[in-house]
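Inspection log for the structure reproduced underneath, given as structure tokens.
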Amino acid sequence: MDIVRLSSPKPLILNGQKIAADIVAEVRNSVEHEGITPGLAVVLVGSDPASAVYVRNKSTRARECGFLSRQIDLSADVSEAELLRIIAELNADPVVHGVLVQLPLPRHIDAKRVIESIDPVKDVDGFHYANAGRLSTGAIETALVPCTPLGVMRLIKEAIGPDLSGKHAVVVGRSNIVGKPLAQLLINANCTVSIVHSRTAEPEALTRQADILIAAVGVPKLVNASWVKKGAVVIDVGINRELDAAGKATLVGDVDYGQVSPLTSAITPVPGGVGPMTIAMLLQNTLLAARRAQQGAKA
Ligand code: NAD
């Protein structure tokens with residue numbers, strides 16, 4: 001008797017680098033053709049090396065797209081009052097359409113108060129209560145939506161197509177920056193959504209039901225093969241810095257890629273998956289804020 005070996009088809013590796021480059025090119029093209037100059041101001045407090053890299057990348061990409069890009073570097077001991085004064089100036093500046101304060105902030109500054117001081121129409125990170133409220137009530141067309149969840153949605157649609165109706169999506173993590181807004185976007189896309197977090201009993205029992213599984217936790221390789229249903233789409237938001245066997249610094253996701261990828265229909269790598277999408281979506285949000293400002297000025 002012949003033995004027929006059925007091997008699983010290879011998963012689609014979702015190339016965030018390439019998809020993000022396409023989005024950036026679209027944004028640049030819109031700027032050229034619409035005769036609009038979006039303005040993005042990025043505020044960095046202190047000299048945390050990772051934050052400095054993120055901020056530099058955001059400012060550079062914005063310039064490459066023809067934006068007016070302003071980077072404001074403040075020392076770690078800047079007072080909250082001074083930071084709020086600078087934000088008020090940016091809120092009032094008509095050439096600035098997006099204001100972003102890089103998190104985390106030093107302990108002596110109340111991050112919530114700072115975020116709430118940004119004009120919601122310029123809140124291109126989408127963290128202001130007004131934008132969170134619009135997203136959670138389904139008024140997405142008037143909101144600015146957080147960039148990483150927007151990028152994740154784009155990657156999911158790349159894998160599945162535009163219609164996510166009826167899919168069971170399980171989000172691991174409930175932060176205000178990723179987990180919660182992502183769950184709202186998935187509900188809005190007619191998915192059935194479960195949220196798993198640090199207090200969930202038996203998380204694997206839920207994640208094994210997921211057609212779409214997103215990990216946004218910050219625990220290296222938490223999601224292993226026993227968490228995943230065969231054929232699932234797996235999106236790894238985690239960015240964890242670790243030393244490899246040779247003592248070299250390396251980036252690791254929240255998903256054990258080696259174990260999990262053979263089970264999936266599509267998966268994001270780390271690095272090169274969700275990470276590049278976040279900046280692309282920030283540029284898209286800033287263009288959107290600039291278009292709304294232009295329309296508002298005409299109205
Ligand atoms: P966070 O620390 O604010 O939230 C982590 C969440 O994970 C919490 O809601 C917590 O309940 C949950 N959690 C913790 N341990 C858990 C466990 N054992 N099982 C289930 N849930 C658990 O983190 P965040 O800001 O949402 O970021 C999550 C990860 O995503 C981090 O690695 C971060 O670096 C990364 N991140 C990446 C991007 C990007 O652009 N790719 C953007 C933002 C965050």
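Numbers here are sequence positions counted from 1. Atoms within a ligand are numbered from 1 in the order they appear, just like the ligands themselves.
A donor-acceptor contact shorter than 3.5 Å links the side chain of D254 to the backbone of V219. A donor-acceptor pair under 3.5 Å links the side-chain atoms of S265 to the main chain of G231, judged by distance alone. A donor-acceptor pair is defined here as one N or O able to donate and one able to accept, closer than 3.5 Å; no such pair exists between the side chain of K167 and the backbone of C191.
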Name each N or O atom in ligand 1 that is under 3.5 Å from a protein N or O, and give the partner atom and the distance.
unit_1	atom_1	unit_2	atom_2	d
ligand 1	9 (O)	R174	N	2.8
ligand 1	11 (O)	S198	N	3.3
ligand 1	11 (O)	S198	OG	3.3
ligand 1	21 (N)	S198	N	3.4
ligand 1	26 (O)	S175	OG	2.6
ligand 1	30 (O)	V237	O	3.4
ligand 1	32 (O)	I239	N	3.0
ligand 1	32 (O)	I239	O	3.4
ligand 1	34 (O)	I239	O	3.4
ligand 1	40 (O)	T278	OG1	2.7

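At a threshold of 4.5 Å between non-hydrogen side-chain atoms, the residues R174 and S198 count as touching.
Residue K229 forms a side-chain hydrogen bond (donor to acceptor under 3.5 Å, both in side chains) with just one option from T207, T264, D211, and that option is D211.
Placement of V252 and V178 in two distinct hydrophobic clusters is found when ILVMFWY residues are connected by side-chain heavy-atom separations under 4.5 Å, directly or transitively.
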